[in-house]
Amino acid sequence: MKTALVILAAGKGTRMNSDLPKVLHPLAGAPLLIHAMRAGETLTPEHTVIVAGHGAQAVRGAALDYDGTATVVQQTEQLGTAHAAAQARAALARFDGTAIVLFGDTPFVSPDTLAAMTDAQADHDVVVLGFQAANPGRYGRLVMEGDSLQRIVEFKDATEDERAIALCNSGVMACRAGLLFDLIDAVSNENAAGEYYLTEIIGLARDRGLSATVVTCDEAETLGINTRAELAEAEMSFQNRARAHAAEEGVTMPAPQTVHFAFDTVIGRDTVIEPNVVFGPGVTVESGATIRAFSHLEGCHVARGAVVGPYARLRPGAELSEDTRIGNFVEVKNARIGEGSKVNHLSYIGDATIGQHSNIGAGTVTCNYDGVMKHHTEIGDNVFIGSDTMLVAPVSIGDGAMTGSGSVITSDVEAGALAIARAPQVEKPGMAAKLIQILKAKKAKLQRGS
Ligand code: UD1
Ligand code: CA
């Protein structure tokens with residue numbers, strides 16, 4: 001079945017008390033909006049239309065950044081959810097499949113639930129995603145007659161009896177696109193809020209003898225974010241699910257509550273993640289790796305058998321091959337570390353390629369930035385870089401070469417060579433004691449003078 005997504009994301013999110021549009025607040029390393037887009041993506045929609053309003057420029061940027069084929073339309077005045085959905089009409093003018101309306105501030109709707117909705121849409125004109133609310137609060141209430149949905153009544157407009165209904169509207173709807181826009185045309189704003197409610201289309205559809213039904217899901221999926229407190233709660237529930245999922249997938253975590261995942265983290269089986277590890281977006285870790293305590297990883301790939309940390313930082317573009325070692329206080333950015341190579345202590349490796357079985361000594365720095373441009377460092381196989389070597393890029397070190405500790409390497413080193421670039425050592429016998437005498441005499445003179 002052909003589907004199109006319409007994601008409503010124009011609201012201000014006043015209760016976030018923020019300069020950032022609500023849908024751009026991050027959850028597990030991605031804006032809320034991206035979570036909604038990812039959920040919808042599982043239906044392989046023909047069109048994705050984002051309705052932006054508050055902070056439209058920024059919302060457009062984030063949406064297109066994630067999916068360059070999305071269409072972002074603007075709702076200049078926020079007159080209600082029906083008015084928002086209506087803004088997608090032109091973008092879907094030639095589309096004749098099912099439109100799925102999602103909210104940009106509702107990040108957890110599952111692929112299975114969306115699939116159940118499109119299935120139900122085959123037999124009903126309008127399908128609404130509902131849930132049994134533990135505390136129905138201000139949600140819209142679903143008025144049922146058997147399996148048939150009669151109408152949705154907003155809290156503000158509901159009678160006492162209707163407010164007693166616990167079956168609530170999540171906001172997600174499925175309906176043939178043409179019919180959706182027809183029904184929206186008939187929506188009025190004569191209600192307590194003076195808004196054009198999308199929820200009104202159910203009553204309108206029933207009046208025309210069309211059918212409407214409800215698909216239900218767990219309340220956790222329909223969690224909408226309105227405040228920073230709710231955002232923090234959503235983050236917590238995301239993290240708990242991600243931890244449980246990782247454990248099921250065969251990942252060992254002695255202190256799972258201290259491990260933070262991103263929306264897209266992928267961890268292989270029999271990998272160990274020690275306490276207090278943080279994953280930013282874009283990380284994949286293969287099987288049998290070890291990520292030791294207090295490490296921070298983002299935009300990187302860790303191959304089988306690698307050991308990272310404790311206290312390591314892998315930044316975007318770090319590519320660790322099998323059985324590599326990245327030790328404490330080592331930062332790696334945009335660099336490929338070849339199989340079996342080690343960078344064990346206090347180093348910065350940025351914009352570099354390191355071959356296989358090379359050893360990078362403590363305190364090595366690839367000096368990649370000249371203040372204006374970034375330059376590349378190339379290190380071959382079986383290289384030994386002495387401690388405290390400064391590799392001033394662009395520079396390359398041939399296979400099997402060595403550098404002396406404390407060297408500042410400014411030109412290429414050929415394969416097999418030893419390069420030493422430091423001031424030669426000078427030794428003055430007996431001078432240490434004499435120097436102390438001289439310094440003590442100076443201090444005494446200064447103290448007499450004051
Ligand atoms: C809506 C539903 C309610 C449901 C609840 C679930 C309506 C009338 N009510 O209420 O039945 O229980 O969600 O959370 O639909 N938006 C726009 N433009 C607008 C208005 C809203 O883009 O003019 C967007 C918002 O950014 C948000 C979504 O639509 O992403 C929902 O709007 P919101 O005002 O939060 O609706 P609720 O009052 O929560
Ligand atoms: Ca809301």
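Residue numbers run from 1 in the order of the sequence given.
Paired with D351 under the rule salt bridge (Lys or Arg N to Asp or Glu O under 4.0 Å), one option of K374, K333, R336 passes, and it is K333.
A donor-acceptor distance shorter than 3.5 angstrom exists from the side chain of D264 to the backbone of G282, with no hydrogens or angles considered. A donor-acceptor pair under 3.5 Å links the side-chain atoms of S341 to the main chain of G355, judged by distance alone. A donor-acceptor contact shorter than 3.5 Å is absent between the side chain of E200 and the backbone of G203. D218 places no side-chain N or O within 3.5 Å of a backbone atom of E221 that could act as its donor or acceptor partner. Under the 3.5 Å distance criterion, the side-chain polar atoms of E162 are left unmatched by any main-chain donor or acceptor of V143.
Heavy atoms of other residues, nucleotides or ligands lying less than 6.0 angstrom from CZ of R228 number more than 12. Around the CD atom of Q57, the shell of radius 6.0 Å holds no more than 12 heavy atoms that belong to other residues, nucleotides or ligands.
To the nearest 0.5 Å, atoms CD (E274) and OG (S295) are separated by 8.0 Å. One distance of note links CD of E230 with OG of S237; it measures 11.5 Å at 0.5 Å rounding. Annotation: the span from T44 atom OG1 to M1 atom CE amounts to 12.0 Å, rounded to 0.5 Å.
There is no side-chain donor-acceptor pair under 3.5 Å between D161 and T159.
Taking the ring centre of Y66 as origin, the terminal cationic atom of R38 falls outside the region bounded by 6.0 Å and 45° from the ring axis.
Between Y139 and F131, a ring centre-to-centre spacing shorter than 6.0 Å is recorded.
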The test is side chain to side chain donor-acceptor pair (under 3.5 Å); show your working for H375 and D370 and say whether it passes.
CA-CA 8 Å; H375 301 282; D370 59 15; 2.7 Å; yes
